[in-house]
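In what follows, every chain begins at residue 1, and chains take the letters A, B, ... in the order their sequences are listed. Computed from a prediction, not measured in an experiment: that's the story for all the values here.
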There are 2 protein chains.
Amino acid sequence: MEERQARTAFAALSQETRLRIVRLLVQAGPEGMAAGAIAQAVEVSPSNVSFHLKDLEHAGMIVPRREARSIIYSADFTGLRDLIAFLMKDCCAGHPEICAPALVAAQCRPSTNNTTRKKAHA
Amino acid sequence: MEERQARTAFAALSQETRLRIVRLLVQAGPEGMAAGAIAQAVEVSPSNVSFHLKDLEHAGMIVPRREARSIIYSADFTGLRDLIAFLMKDCCAGHPEICAPALVAAQCRPSTNNTTRKKAHA
DNA sequence: TCCTCATTTCAATGATTATTGAATTGTAGG
DNA sequence: CCTACAATTCAATAATCATTGAAATGAGGA
């Protein structure tokens, strides 16, 4: 991943509506959601959700597919992984054992509450 | 982590100079770097780097400590982990086995080249 | 204590970015 | 074919953010 694309992705995630959309779609999984349903869920106008969906797609955070009259959007898990990898690349100058314990908890796993700090378990 | 704080963090990472600073400090590890050294490395004015360092500190992405006359900044690995965890929380509605394979490669480990796509190896 | 150096603060300017509602595209069902 | 519906595009407005240089702060060494 290039720096330019990473910045575009982070900028996309820095906006309230867009961050909600991405998290909604991350939780929805590969099945995804229609643009209209997303608009209802995050409570914005169709025109506005379209604007943000385009931005997220351009940022490589979500991916669209047509299904009947609707357009279904789902999280781009590859794009998300690449973004995180870019941010953490060469962490601790090639000695990941230093910071890895602080990062493993960040992995994708079910959790109803993230406010309690989790211990790393390699 | 709260949504508001996550947005602040993503906004911080969406700016060219700030993203370079964070990646520089991620690679530098816990040892960190002085503000002046960072300014030289990313080639911006002291005033400008100070502005961005404050923003990154406020976003919970870096942490400062005084050492003699200098102020040493290092990456806040806990903050970074929390941010990623927030983004990926409850992924795939509690069935992480669906998206986890796409995310494990994002972990902190040494790599000289990230342009070649890495296979997930659980 | 005085002087020096590293960093921060400040005010002003220029440049992106989100939002809104109306109009448009394009897909399918009757 | 034509109507209805889902989604997007467009232009205008309002708000937020990065950059610059000069001035100020604050900690240490002599």
### Task
Starting from P on C:dT7, measure out to CZ on B:R65 and report it in whole angstrom.
13 Å

### Query
Nearest of C:dT19, D:dT8, D:dA18 to any side-chain atom of A:Q15?
C:dT19

### Distance-minimising heavy-atom pair for A:A9 and A:M61
CB-CE, 3.9 Å

### Task
Compare side-chain N and O positions of B:Y73 against OP1 and OP2 of C:dA6 and report whether any pair is under 4.0 Å apart.
no

### Task
Quickly work out the A:R20 CZ to C:dA18 C1' distance and round it to whole Å.
15 Å

### Nucleotide-resolved protein contact map, nucleotides 21-30 of chain C, B/S/- at heavy-atom distance under 4.0 Å
BB----BSS-

#### Entry: Whole-Å gap separating P (D:dA7) and CD1 (A:I21)
12 Å

### Task
Give one of base, sugar-phosphate or nothing for A:S50, where a contact means two heavy atoms less than 4.0 Å apart.
base

#### Entry: Between P of C:dA18 and CG of A:L56, the distance in whole Å
10 Å

### Message
Check the phosphate of C:dT19 against A:H52, side-chain N and O only, distance under 4.0 Å to OP1 or OP2. Yes or no?
### Response
yes

#### Entry: Separation of atom CE in B:M33 from atom P in C:dT7, rounded to whole Å
11 Å

### Message
Rounded to whole Å, please give me the gap between CD in B:E16 and C1' in D:dC17.
### Response
15 Å

### Query
Mapping B:I72 and A:S14 to their closest nucleotides on DNA chain C, which lands nearer the 5' end?
B:I72

### Query
Base, sugar-phosphate alone, or nothing: which one does A:A34 contact when heavy atoms must sit under 4.0 Å apart?
sugar-phosphate

### Message
Filter on salt bridge (Lys or Arg N to Asp or Glu O under 4.0 Å), then keep only pairs touching residues 43-56 of chain B, sequence neighbours left out; what's left?
### Response
B:R18-B:D55

### Message
Between P on C:dC10 and CZ on B:F51, what's the gap in Å once rounded to a whole number?
### Response
13 Å

### Task
Measure from the side-chain N and O atoms of A:R65 to the backbone N and O of A:E67, and report whether any donor-acceptor pair falls under 3.5 Å.
no

### Query
Does B:T17 offer a backbone N or O that forms a donor-acceptor pair with the side chain of B:Q15 under 3.5 Å?
yes

## Note on the structure
Per atom distances to the B:K54 side chain, the nearest of C:dA18, C:dT9, C:dT7 is C:dT9

## Note on the structure
All heavy atoms of B:S74 vs all of B:G29, minimum pair found to be CB-O, 4.0 Å

### Message
Would the distance check show the side chain of A:S70 and the main-chain N or O of A:R66 forming a donor-acceptor pair, the cut-off being under 3.5 Å?
### Response
no

### Euclidean distance, atom CZ of residue A:F10 to atom P of C:dT16 [Å, nearest integer]
22 Å

### Message
Looking at A:D76 and A:G79, would you say the former's side chain and the latter's main chain have a donor-acceptor pair under 3.5 Å?
### Response
yes

